[in-house]
Amino acid sequence: SLETPRGRMDMGGWGQTLYRYRSEPALRAALQYSEMARKAGMAPSDLALRWVRQRPAVTTSLVGCTAMSQLEADLAVYRKPFKPLDYQLSWEIDRVHMANRLPIFSSEHVGSDWNNEGEIGERIP
């Protein structure tokens with residue numbers, strides 16, 4: 001929240017442009033991904049990195065860490081022998097993604113008077 005900011009996403013200015021990560025659909029997707037990871041016995045970051053690692057067109061991945069322990073956990077995914085996610089789990093990830101492809105345009109607060117603009121005034125094609 002703006003009263004007790006935890007990082008750049010909770011601050012005014014730059015934080016307002018990051019609304020797409022806090023929209024209801026994006027938050028719901030994050031909760032679904034977290035639940036999938038929990039059921040598969042791994043951290044959400046492990047799920048994300050393993051998903052990226054099995055994509056043939058992806059040649060690198062960026063990790064965003066705020067603590068050395070997070071970086072170590074992320075690097076551990078790459079230090080282990082590669083094991084793709086099982087087909088059903090990969091399909092569930094894809095299903096959530098298909099429901100929320102462009103988070104910046106995903107909103108449950110769309111009024112008829114918005115004149116082709118999103119929550120923070122961005123143009124909607």
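If you read the sequence from its start, that first residue is 1, and numbering goes on from there.
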Reported CG-to-CE distance for the pair Leu31 and Met36, which is rounded to 0.5 angstrom: 11.0 Å
Under 4.5 Å between side-chain heavy atoms, hopping through other hydrophobics if needed: is there a path connecting Val58 to Trp51? yes
Within 6.0 angstrom of Met98 CE, more than 12 heavy atoms from elsewhere: yes
Do Val52 and Leu47 sit in the same hydrophobic cluster, where Ile, Leu, Val, Met, Phe, Trp and Tyr count as joined when their side-chain heavy atoms come under 4.5 Å apart? yes
Can Leu49 be reached from Tyr33 by stepping across I, L, V, M, F, W or Y side chains whose heavy atoms are under 4.5 Å apart? no
Using a 3.5 Å distance criterion without hydrogens, assess whether the side chain of Glu35 forms a donor-acceptor pair with backbone atoms of Gln32. no
Please report the closest heavy-atom contact between Ser34 and Pro44, naming both atoms and the distance. OG-CG, 3.8 Å
For the CG atom of Leu85 and the CD atom of Gln54, what is their distance to the nearest 0.5 Å? 4.5 Å
Would you mind writing out the side-chain donor-acceptor pairs for residues 73-83 within the sub-3.5 Å range, not counting sequence neighbours?
from: Tyr78; atom 1: OH; to: Ser61; atom 2: OG; distance (Å): 2.6
from: Arg79; atom 1: NH1; to: Glu72; atom 2: OE1; distance (Å): 3.3

Connected via hydrophobic side-chain network under 4.5 Å: Met68 and Val63: yes
Would Lys39 and Asp86 pass as an ion pair if we require N to O under 4.0 Å? no
